[in-house]
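See structure below.
Each chain gets a letter, A, B and so on, in the order the sequences are listed, and its residues count up from 1. The model shown is predicted, which means the values in this text are computed figures rather than measured ones.
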Number of protein chains: 2
Amino acid sequence: MPVTLVEVAARAGVSPATVSRVLNGNYPVAEATRQRVEQAVRELDYVVNAHARALLHSTSGIVGVVLNDAADPFFAGIARGIQTAAAGTRRLSIICNSEGEPSQEFAFLDLLRGHRADAVVLVGAAPEDEEFRTESAARAKGLQTNGTRLVLCGRPAPSPSAPGDVVAIDNEGGARAITQHLLDLGHREIAYLTGPAGRTTTTARFVGFRTALEQAGVPLDQGLVLGGDFSRRSGQLAVQNLLAAGKRFTAVAAANDLMAAGAVSALREAGLRVPQDVSVVGYDDLPTAVDVWPALTTVHVPLEEIGRLAVELAFGGSGMQTTVTAPTHLVVRDSTAAR
Amino acid sequence: MPVTLVEVAARAGVSPATVSRVLNGNYPVAEATRQRVEQAVRELDYVVNAHARALLHSTSGIVGVVLNDAADPFFAGIARGIQTAAAGTRRLSIICNSEGEPSQEFAFLDLLRGHRADAVVLVGAAPEDEEFRTESAARAKGLQTNGTRLVLCGRPAPSPSAPGDVVAIDNEGGARAITQHLLDLGHREIAYLTGPAGRTTTTARFVGFRTALEQAGVPLDQGLVLGGDFSRRSGQLAVQNLLAAGKRFTAVAAANDLMAAGAVSALREAGLRVPQDVSVVGYDDLPTAVDVWPALTTVHVPLEEIGRLAVELAFGGSGMQTTVTAPTHLVVRDSTAAR
DNA sequence: CTGAAAGCGCTTACAG
DNA sequence: CTGAAAGCGCTTACAG
């Protein structure tokens, strides 16, 4: 059984209230008394019960992080930023893997609400359907009445009136920039590997791609647009299919780095050289982007910074609903060359 | 302000006790009563206060995970296994990044104790000094008296008598196997890149390397043993130094995949081909090992499985102190060739 | 089947 | 500077 404050008080020969006071250091206590209490705490190896404390304060010192998969480097990077920033405010982070399942996401949200999390950060693309949005808005309201701050990272607010701050990512701008890079190199037949269907990030990145083509007056060939799911394997498969179908293309733009790595691997299997025969670009600038050979030209997304911003909005915020947009920028490495 | 159980009771026209009973479903309740309560819960969007509940049960539904860095794929893999298995028991996981700092590790342990975590899983190599071991053993005892189960993952118990289960990794066996692979290919001048000094994992892997050489009657050249710290950069630097010093070697064995990736990159910069000129091997078999070009020959470590095992020991365990050792095995890919 | 009451481990006005 | 008492939001014997 854990040691309680009452036992500490008994050993120190004072009242529980006094022990509480020296522990919290928010009231004057006689030096001699303090000494005795501190010694008792040490001797009994006492640690306050965080639940009893949370019951009084109705605050828990916990930040909930809900994401698809903490082992995915994209999410890991953001989670790390959140974790570090939260620790800086003496708060603990709870990581919850939703596997991209809305039902799991909602379940975690309820759990975190029950734990009276100080804040919840919801990371990653959201499904684009109306039902999800309605449910999300309801959950957001529930968290708010519980006093839990909500921050969305990399997804838009479910409705203009829903509570919660937003750290947006300039997905469209980055996609435009990297597509422009390919166009500048003379590429006209560019295959595009999308993210999973019906997700906000997937759409934003594709729109950026399409917009850049339009602005350059290059027609979009629907036959070169392939559905992926952000996994390495899906990028590899897509390019294999493209090749098997005998499609002509001189560049591949993948909606993230993992698919780009898969694409490179499929090209190499087919005896094609990157970038001499085909240029490849990714998105996210994950740490692994420099380990792929050739090192990936990609769009940098400041993952840790995004996590840090989320925590800042949650606790340092003005109290007003705020949206900040994290900038993205092109990083040119070795996987792209002039046509 | 959050809705309380008393308010739900008032709206449903029953006593708080009755609401508690329908919520927990562990007592008979009249169907009509149940209906009214459930409706009130829905209308008020009520969620039980996990802290109040934890205060009664002295259990929190929380699993603490303490590791160096959740963004590192090695830790991310194990954390994922823990998280999934914990969720399977309806428990939430708290991830704490200690940055490899013993002081931070201890601080998190105390925090988790205060939160009455059901279990704490401590992941990663431990420092080898006596002071750390003593402190660790004391913390282990503290957790035990709190009723928190402790599991060590990838590190040995601080003392034979310290409470806590262990999921060990066969680091030495894997290192022996991969070194043997290089020897079988005819390599005799093998550079070795170590992990950070004074860590259990570093030692175990190096011992495996040394043992394999000894058994083959190949002398160990201390000039070919370079200190790294498990980071990609340190692997790259080590090989650059080796090259600058004009050392002869036909293979590089890195104590993990990240350093192996760095080594490959340094070799390539110097105009050397892998594996034609120099063979390179890693350790861990991270997802990224297949993205490195050439794909890395390495030692597979069942990361997710290790996490799963940890949770199993914590909650399914016999109650007796148990150590299980996760097996490792050689994975031959493209970064090694015959001398 | 249901309610009144005690209690989990702490904190904090309220007295002194 | 310190203690007695009430209360945070729940659960669970104890009665009925």
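- Distances were taken from every side-chain heavy atom of Tyr27(B) (C-beta onward) to each of dT11(C), dG9(C), dT12(D); the shortest belongs to dT12(D).
- A straight line from CG of Leu56(B) to P of dC8(C) spans 9 Å, rounded to a whole angstrom.
- Minimum atom distance to the side chain of Thr4(A) is reached by dC10(C), of the listed dC10(C), dC1(C), dG9(D).
- When only modelled atom types and interatomic distance are considered, Thr201(B) and Arg199(B) share no side-chain donor-acceptor pair under 3.5 Å.
- Distance check: Gln321(A) CD to Leu313(A) CG gives 11.0 Å after rounding to the nearest 0.5 Å.
- Put simply, NE2 on His51(B) is 11 Å from P on dC10(D), counting in whole angstrom units.
- For DNA chain C, each stem of at least three Watson-Crick or G-U pairs (distances under 3.5 Å) is given as range with range: C:1-3 with D:14-16, C:5-12 with D:5-12, C:14-16 with D:1-3.
- The phosphate of dC1(D) (OP1 or OP2) has no side-chain N or O of Thr33(A) nearer than 4.0 angstrom.
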Below 3.5 Å between N/O atoms, which protein atoms pair up with nucleotides 4-6 of chain D? Just atom names and distances, please.
none

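- Gln35(B) and Gln39(B) form no side-chain donor-acceptor contact under 3.5 Å, judged by distance and modelled atom types alone.
- Residue Ala30(B) places its side chain closer to dC1(C) than to any other of dC1(D), dT11(D), dC1(C).
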Only distances under 3.5 Å count here; give the side-chain donor-acceptor pairs of residues 22-29 of chain A to other protein atoms, sequence neighbours excluded, each with its distance to 0.1 Å.
| residue | atom | partner | partner atom | Å |
| --- | --- | --- | --- | --- |
| Asn24(A) | OD1 | Arg53(A) | NH2 | 3.0 |
| Asn24(A) | ND2 | Ser20(A) | O | 2.8 |
| Asn24(A) | ND2 | Ser20(A) | OG | 3.4 |

Please determine whether salt bridge (Lys or Arg N to Asp or Glu O under 4.0 Å) holds for the pair Glu304(B) and Arg308(B), giving the CA-CA distance in whole Å, both sets of side-chain angles, and the decisive distance to 0.1 Å.
CA-CA 6 Å; Glu304(B) 287 202 35; Arg308(B) 206 185 55 64; over 6 Å; no
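- Distance, Leu55(A) CG to dC8(D) C1': 4 Å, rounded to whole Å.
- In this structure, CG of Leu44(B) is placed 15 Å from P of dG9(D), rounded to the nearest angstrom.
- Rounded to an integer number of Å, the gap from Asn146(B) CG to dC8(C) P is 17 Å.
- Distance, Asn26(B) CG to dT12(D) P: 6 Å, rounded to whole Å.
- The side chain of Val14(B) lies closest to dG3(C) when the candidates are dC10(D), dC1(D), dG3(C).
- Contact annotation for His57(B): backbone-only contact, meaning every heavy-atom pair under 4.0 Å involves sugar-phosphate atoms and none involves a base.
- Between Asn24(B) and dT11(D), a side-chain N or O to OP1/OP2 separation shorter than 4.0 Å is present.
- Under 4.0 angstrom from either OP1 or OP2 of dG3(C) there lies at least one side-chain N or O belonging to Thr18(B).
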Sequence neighbours excluded and cut-off under 3.5 Å, please list the side-chain donor-acceptor pairs for residues 72-79 of chain B, or say none.
| residue | atom | partner | partner atom | Å |
| --- | --- | --- | --- | --- |
| Asp72(B) | OD1 | Phe74(B) | N | 2.8 |

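- Residue pairs that meet the ring-ring contact (aromatic ring centres under 6.0 Å, His included) test with at least one member in residues 80-114 of chain A, sequence neighbours left out, are Phe106(A)-Phe132(A).
- For the pair Tyr46(A) and Glu31(B), nearest-nucleotide mapping onto DNA chain C gives the more 5' position to Glu31(B).
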Please assess Val120(B) against Leu109(B) for the test side chain to side chain contact (heavy atoms under 4.5 Å, CB included), listing each intermediate value before the final yes or no.
CA-CA 8 Å; Val120(B) 169; Leu109(B) 252 28; 3.8 Å; yes
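- Between the P atom of dC1(C) and the CZ atom of Arg36(B) lies a distance of 14 Å, rounded to the nearest Å.
- Between Glu43(A) and Arg36(A) no salt bridge is recorded (no basic side-chain N to carboxylate O distance below 4.0 Å).
- Separation of the C1' atoms belonging to dT12(D) and dG16(D) is 16 Å when rounded to the nearest angstrom.
- Distance CZ (Arg53(A)) to P (dC10(D)): 21 Å, rounded to an integer number of Å.
- By the ring pair (Phe, Tyr, Trp, His ring centres under 6.0 Å) test, His115(B) pairs with no residue at all, sequence neighbours left out.
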